[in-house]
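To keep things clear, I will list the structure first and then write my remarks on it.
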Amino acid sequence: MRKRNIHKAAAALTAIALCAGVLTGCSAASSTASGAASSSSETVSASEDSDEAAAQKVADLIDAIYVQQRTEDTDAQCEAAKAAWDALTDAQKELVEGENADPDYFGRDTGDASKDDPRNADDIGENELLVVSFGTSFNDSRTQDIKAIEDALQQAYPDWSIRRAFTAQIIINHVQARDGEKIDNMQQALDRAVANGVKNLVVQPTHLMHGAEYDEMCEMLDQYSDKFEKVAIAEPLLGEVGSDATVINADKEAVAKAVTADAVSDAGYESLDAAAKDKVAFVFMGHGTSHTAKVSYSQMQTAMQTLGYDNVFIGTVEGEPEETACENVIEAVKAAGYTKVILRPLMVVAGDHANNDMAGADEDSWLSQFNASGAFESVDCQISGLGSIADVQQLYIAHTKAAVDSLNG
């Protein structure tokens, strides 16, 4: 009996010891698991920090080339920005965010850059026609709008060398960094002309009007006035500005007819009247400017009214002049009784403003604002620049002809 009790006690002690061992093991396992979780958390945190650091590096490099001044470091900076972007993972690319940087800088598909021609070759000859544009980083628009104008001019003037210059260094850098396409700025293009021995220089701006960009172009040309035997500057698309909103000219009337006809055709209507009967209004969105040339937009509205285009309205991104602000255009279309709207850019190129400010998904885009008004059954967008319209190209050709003729006048 006593032996059994001893065995029972031993068994009990063994059980207690085993339990204690299990508990100690559990505690150790728990401690190990806790340490592993902590280590894993630290690893994730370190990985996230690494991702953000890599993305921030690219953002900083993009911001460094998002400038209007070209320097001796620009080419290297463009290469560095693209190389750093290409080294990112897809997840890291989504984290790119800076003062001007975002994933779309390199990641957005805007078409095939190889279809474009930078027109920066040497061997120009004595006669050069320099086509000066603000520029666009949207590859398809650059080809369909700017290159289309240049091609039309080359066909019209086969004995002249057509060359290109952009005035927006920010855009030049963007295209160079992303696509490897190098486009001359004004200074580079003019230096190239001088180095090639050009004697007769005709400059055809693709600018819409005699605005700030046109003035800056003329100031740059003044610095080279003694480098060529003859220099002539052709008119921008809308011609002379005029004194007030009631003054229109043949250029503005021609552009009004051309863009309206193209918009009506793209919308599938046989005529503007047929669209009007269907309660459709066309809204052409320009850029807008604080420059005195802003009256040109008001004159374009006058031109539409003079032509009897009552369902055509002119607006601007900047809302200058005031009546062209989005909210004012919405009210004007509502008051006129139209229930369907087609938005289209009144710009030479259908680039960033057309794709984002007009047709973008953000709540401040024109598409969003027109929809948010709740006043229209439908709001559609046409992403098409003026430069792609054949009649607009012919207008540039006519302006160039006047400038060429003036060299011999």
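Worth knowing before you read on, the calculation uses all heavy atoms, side chains too, and leaves out hydrogens, waters and symmetry mates.
Comment: Lys147 does not engage Asp117 in a salt bridge, judged by the lack of any side-chain N to carboxylate O separation of less than 4.0 angstrom. Ionic pairing of Lys334 and Glu331 is present here: one or more N-O contacts between side-chain nitrogen and carboxylate oxygen are shorter than 4.0 angstrom. For Asp75 and Arg70, the salt-bridge test passes: some basic side-chain N is under 4.0 Å from an acidic carboxylate O. Using a 4.0 Å cut-off between charged side-chain N and carboxylate O, Asp184 and Arg192 make a salt bridge. Salt-bridge formation is detected for the pair Glu181/Arg164: a Lys NZ or Arg NE/NH1/NH2 atom is positioned less than 4.0 Å from an Asp or Glu carboxylate oxygen. Asp273 and Lys277 are not joined by a salt bridge, as no carboxylate oxygen comes within less than 4.0 angstrom of a charged side-chain nitrogen.
Summarising the geometry of Arg142 relative to Ala113, their closest heavy-atom pair is NH2-CB, 4.0 Å, with the distance given to 0.1 Å. Nearest heavy atoms, Thr136 versus Phe166: N-CE2, 3.9 Å. When all heavy atoms of Glu128 and Ala193 are compared, the closest pair comes out as OE1-CB, 3.1 Å. Between Gly360 and Ser365, the shortest heavy-atom distance links the atoms O-OG, 2.7 Å.
Of the possible polar contacts, none joining the Asp278 side chain to the Val280 backbone as a donor-acceptor pair under 3.5 Å is found. In terms of modelled atom types and a separation under 3.5 Å, the side chain of Ser388 and the main chain of Gln144 share no donor-acceptor contact. Side-chain atoms of Asp63 come within 3.5 Å of backbone atoms of Glu99 as a donor-acceptor pair (strictly under, hydrogens ignored). Remark: the backbone N or O of Asp244 is paired with a side-chain donor or acceptor of Gln299 at under 3.5 angstrom.
Between Phe282 and Phe284, the ring planes lie parallel to each other; the angle is under 30°, not in the 30° to 60° tilted range. The aromatic rings of His353 and His287 stand perpendicular to each other, their planes meeting at an angle above 60°, with 30° marking the opposite boundary.
For residues 363-381, the set of pairs meeting the salt bridge (Lys or Arg N to Asp or Glu O under 4.0 Å) definition, not counting sequence neighbours, is empty. Identified under the salt bridge (Lys or Arg N to Asp or Glu O under 4.0 Å) test for residues 216-240, with sequence neighbours left out: none.
Checking Asp151 against Gln155 by side-chain atom types alone, no donor-acceptor pair falls below 3.5 Å. Side chains of Arg163 and Asn196: no donor on one and acceptor on the other come within 3.5 Å.
Ring-centre distance between Phe134 and His207: not below the 6.0 Å cut-off.
Contact of the Glu253 side chain with the Leu307 side chain is registered, since non-hydrogen atoms from C-beta on lie closer than 4.5 Å. Contact of the Tyr214 side chain with the Val132 side chain is not registered, since no non-hydrogen atoms from C-beta on lie closer than 4.5 Å. For the pair Arg178/Tyr105, no side-chain contact is recorded, criterion being any heavy-atom separation below 4.5 Å from C-beta on. You'll find the side chain of Ile233 reaches within 4.5 Å of the side chain of Leu221, heavy atoms only.
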- Message: Is there a side chain to side chain donor-acceptor pair (under 3.5 Å) between Asn173 and Gln169? Walk through the geometry before answering.
- Response: CA-CA 6 Å; Asn173 292 351; Gln169 188 67 45; 2.8 Å; yes
Name each donor-acceptor pair under 3.5 Å that joins a side chain in residues 317-326 to protein atoms two or more places apart or in another chain, with its distance.
residue, atom, partner, partner atom, Å
Glu323, OE2, Ser298, OG, 2.6
Thr324, OG1, Thr316, OG1, 2.7
Thr324, OG1, Pro321, O, 2.4

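Tested against Phe370 for a ring pair (Phe, Tyr, Trp, His ring centres under 6.0 Å), the candidates Tyr338, Phe376, Phe313 yield a single pass: Phe376. Remark: of the listed residues Val283, Asp262, Leu386, Asp262 is the sole one forming a side-chain contact (heavy atoms from CB on, under 4.5 Å) with Arg344.
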